[in-house]
Number of protein chains: 4
Amino acid sequence: MTKKDVAGATPPPRAKRLPRAVRERQILDAAVRVFSERGYHAASMDEVSDVAGISKPMIYAYLGSKEELFAACIQREATRLMEAIGGVVDVDLDPEEQLWRGVLAFFTFVGENRDSWQVLHRQAGTQGAPFAAELAEGRRRAVAMISALLDRAAGREGVGAFAEGRTEPLAAALTGAGEALAEWWLEHPEESPKAMARRLMNLSWMGFGNLVLGRAWSPEKSA
Amino acid sequence: MTKKDVAGATPPPRAKRLPRAVRERQILDAAVRVFSERGYHAASMDEVSDVAGISKPMIYAYLGSKEELFAACIQREATRLMEAIGGVVDVDLDPEEQLWRGVLAFFTFVGENRDSWQVLHRQAGTQGAPFAAELAEGRRRAVAMISALLDRAAGREGVGAFAEGRTEPLAAALTGAGEALAEWWLEHPEESPKAMARRLMNLSWMGFGNLVLGRAWSPEKSA
Amino acid sequence: MTKKDVAGATPPPRAKRLPRAVRERQILDAAVRVFSERGYHAASMDEVSDVAGISKPMIYAYLGSKEELFAACIQREATRLMEAIGGVVDVDLDPEEQLWRGVLAFFTFVGENRDSWQVLHRQAGTQGAPFAAELAEGRRRAVAMISALLDRAAGREGVGAFAEGRTEPLAAALTGAGEALAEWWLEHPEESPKAMARRLMNLSWMGFGNLVLGRAWSPEKSA
Amino acid sequence: MTKKDVAGATPPPRAKRLPRAVRERQILDAAVRVFSERGYHAASMDEVSDVAGISKPMIYAYLGSKEELFAACIQREATRLMEAIGGVVDVDLDPEEQLWRGVLAFFTFVGENRDSWQVLHRQAGTQGAPFAAELAEGRRRAVAMISALLDRAAGREGVGAFAEGRTEPLAAALTGAGEALAEWWLEHPEESPKAMARRLMNLSWMGFGNLVLGRAWSPEKSA
DNA sequence: GATGAATGAGTTTTCATTCAT
DNA sequence: GATGAATGAAAACTCATTCAT
């Protein structure tokens, strides 16, 4: 396992006496970078401290232990992601349109925040019990959003509850498909967020049943 | 981070002087358990050795370094999974039926081999370069299988390539959805493999577009 | 192999929070002691840490790996030895006188720095490639010094190059003889540095050919 | 530290049921190779066993512990060297001629038995107390031989004891010079044993005092 | 006689965490 | 408030040595 530097943005030039909030943000930024690059266990507090340009004792004073620091990262990034998606969804819109917007917002966010996404997707889920709380909370919010959307959609069509009364596992499955596509995207960076979003709509809205008949999904139909 | 034992099956009662093949299997069994429980980094060779009831030097002698041991786990479990699915798929069948059988075999395997699944799903993908080879190979086989299936299905309908010519990201998305459902399943163990498989078919074959109109997927239609 | 402590000088009374430079010196002192006593391989970082009265993490932080630590020892001690000899040699002097001074300085240093000498002589040459650089550099400087001296001597006598044009292997042989005498000295500590130096002059300046005829070397003649 | 194989002579093709004496020789041959290549500590019994083509339990049964095995190597090789030198020295000859023959025999042996020499010179002296016995014994024999030679020479000249009554440290110095030259030879393999021997005679018989005056030693004068 | 199987004990090295300044 | 100095604890890996077959 190579150990090339987590380089990039030069460490903020150790300005002294910054207000606590600023320091905390610097630390979290660095931590997300490092956790994303190395993974939770392989990341060292030393490297976080280096990248942040802030000494370790400060990190411990402000954000607590490594575990707490990681939890804070998850929480912040999950919130950012949820806000990005929540911002484009409008309850008054057509469910299909809403889903499209949400999915597009998701891929846009992932495209612009690789590190955040890596931490949320690859690290948070992998590190066992300690972070279950933060992760579960984030996932719960996401699933609830989609779930509600599906329920409203079904209601609007007069169909009532579908999917054996549980939209929630389907919502989970949708996020899983989204994560897998995002993963695939990493190795095919030439694709646009829109193309990726369309792929997910094809699977999730049309289903293979339609696809194999030549019926694909496109934003134009919905818009 | 708590450190409760990876207990359970009593360690094989230290039978002495067993042939190498047997020991290797015992070691791999233990390693899958421990990696699954703790994750790659947090797992210690000491614990693997304890759980296996075999001293560390033997582990190193037979399976090599921690990295190699992990790779061996991935390879073995991936092969088992692929065989479980490959065993029920029959190329002469209807694609829809094939997908259903494959998906059902998947959830059946996951239900019966939680640890294998955890290692493959949660750990293998997360640990960076060293295991890319093993993982990529496994994933490639899986995706190829689904991809081929979709291609054949489209061909049979006379539609030719669909999904912008790439079935592969869709296959990836399908596995992602499967993984997420398997994950959800862990917290809802009362569900049957069949119910889980039906959920995945609903999403992937029908799509939300149908579901919100009250049209769901069921094995009967297909069988 | 017995494992009696490398005791002796009481470990510096764990003064807390010393500046880095001081700690580094303490560590090197201890390392020279231990490497000298045990040999490179048999020496353990634990023992170095014990003798230095400094925890292992500090050693690694300041001096790097065992290999780097050993290299640092060689370098420091080689430099000290070279300085001890270089300090008494004066290019304007008679070559014979210069050699005498250098040889005397050598035995004086060895007498006062047994450990340094052990590390340089017994360990550095034995441990293969990794330390070739440090050692070769030291040896090169030593041999160059003697070699130059012989060349000047020959030049002064109008003889031009002698010894088949290569003084360098002879210089090496001289150091070898010096090392062997130093070794012998360890078991005959009652001898003075001066007596040892005279022995080496007898061999190297007079040669056995003279010695067997009763012609010996003495500092008076030269001075 | 690289770990390329100690290759070369193919391991004797595991013939079964060989007489003990043969096995012991095979083991010692392998051990000398490995100790020479790796050094005492870095050498592993596993590698000795591999190179010898004999299982470890046999090695322990025949030659005892690693320490004892090493001691046996030293003893055997030291004896071989002493016999090589002793074989050409003839007490009735001129001392100068004797020395020349002995020195030539020494370099001839070293040239033909690099491994033996490495073990004796580089390893034996370096590994601390345990092997002092074997080594000291060997050295004692060598020094005694030279010492006696010098004494006889002095006696023949009617000079009586010289060198402050101790020829023994001078003999030690001579061997040291020889070792250093042998070492230098490793990096200049184009030189012949004879050339090396002449170098040592120049230093030890003539001394620098003569050399700088243009008087060198040559076998012809002596023969 | 000969060996594959087995391990206790130790080695180097790293890391999260905390004082003392 | 901020940090260089310091460490206890653990992890990966190796080795000399010995049984049981």
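Numbered from 1 within each chain, the chains take letters A, B, ... in sequence-line order.
- Here the P atom of nucleotide E:dA2 and the CZ atom of D:Arg20 are 10 Å apart, to the nearest Å.
- Per the geometry, CZ belonging to B:Arg25 stands 15 Å off P belonging to E:dA5, to the nearest Å.
- Residues satisfying the salt bridge (charged side-chain N to carboxylate O under 4.0 Å, His left out) test with B:Asp29, not counting sequence neighbours, are B:Arg76.
- By the side chain to side chain donor-acceptor pair (under 3.5 Å) test, A:Glu77 pairs with A:Arg80, A:Ser116, sequence neighbours left out.
- To the nearest angstrom, C1' of E:dC15 lies 12 Å from OH of A:Tyr40.
- Across the protein-nucleic acid pair, D:Glu47 atom CD and F:dC15 atom P stand 9 Å apart, rounded to whole Å.
- Counting to the nearest Å, the C1' atom of F:dT14 and the CZ atom of D:Arg38 are 14 Å from each other.
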Could you spell out the base pairing of DNA chain F as a dot-bracket line? Use Watson-Crick and G-U wobble contacts where both distances are under 3.5 Å, [ ] for crossing pairs, | for partners on a different strand.
.||||||||||||||||||||

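- Of the two residues near DNA chain F, D:Ser65 and B:Met45, the one whose nearest nucleotide lies more 5' is B:Met45.
- Following rounding to the nearest Å, D:Asp50 (CG) and E:dG4 (C1') show an atom-to-atom distance of 13 Å.
- When the nucleotides F:dA20, E:dT12, F:dA12 are ranked by their closest atom to the side chain of C:Asp46, E:dT12 comes out on top.
- Qualifying salt bridge (charged side-chain N to carboxylate O under 4.0 Å, His left out) partners for C:Lys66, counting only residues two or more places apart in sequence or in other chains: none.
- With sequence neighbours left out, the side chain to side chain donor-acceptor pair (under 3.5 Å) criterion links B:Gln75 to no other residue.
- For D:Ser65 and D:Glu68, the side-chain atoms include at least one donor-acceptor pair closer than 3.5 Å.
- Here D:Tyr62 reaches the OP1 or OP2 of E:dA2: one of its side-chain N or O atoms lies under 4.0 Å away.
- Remark: P of E:dA2 and CD of D:Gln26 are 10 Å apart, rounded to the nearest angstrom.
- Between A:Ile59 and A:Ser49, the shortest heavy-atom distance links the atoms CD1-CA, 3.7 Å.
- Listed pair A:Arg23 / F:dA2 meets the phosphate criterion, a side-chain N or O lying under 4.0 Å from OP1 or OP2.
- In terms of position along DNA chain E, the nucleotide closest to B:Pro57 lies nearer the 5' end than the nucleotide closest to the other residue of the pair A:Tyr60 and B:Pro57.
- Going from atom NZ of B:Lys66 over to atom P of E:dT13 covers 18 Å, rounded to whole Å.
- Scored by the salt bridge (charged side-chain N to carboxylate O under 4.0 Å, His left out) test, A:Arg25 finds no partners at all (sequence neighbours excluded).
- The A:Lys56 side chain lies nearest to E:dT17 when the options are F:dT17, E:dT13, E:dT17.
- Checked against E:dT7, E:dA16, F:dT3, the side chain of B:Met58 finds its nearest nucleotide in E:dT7.
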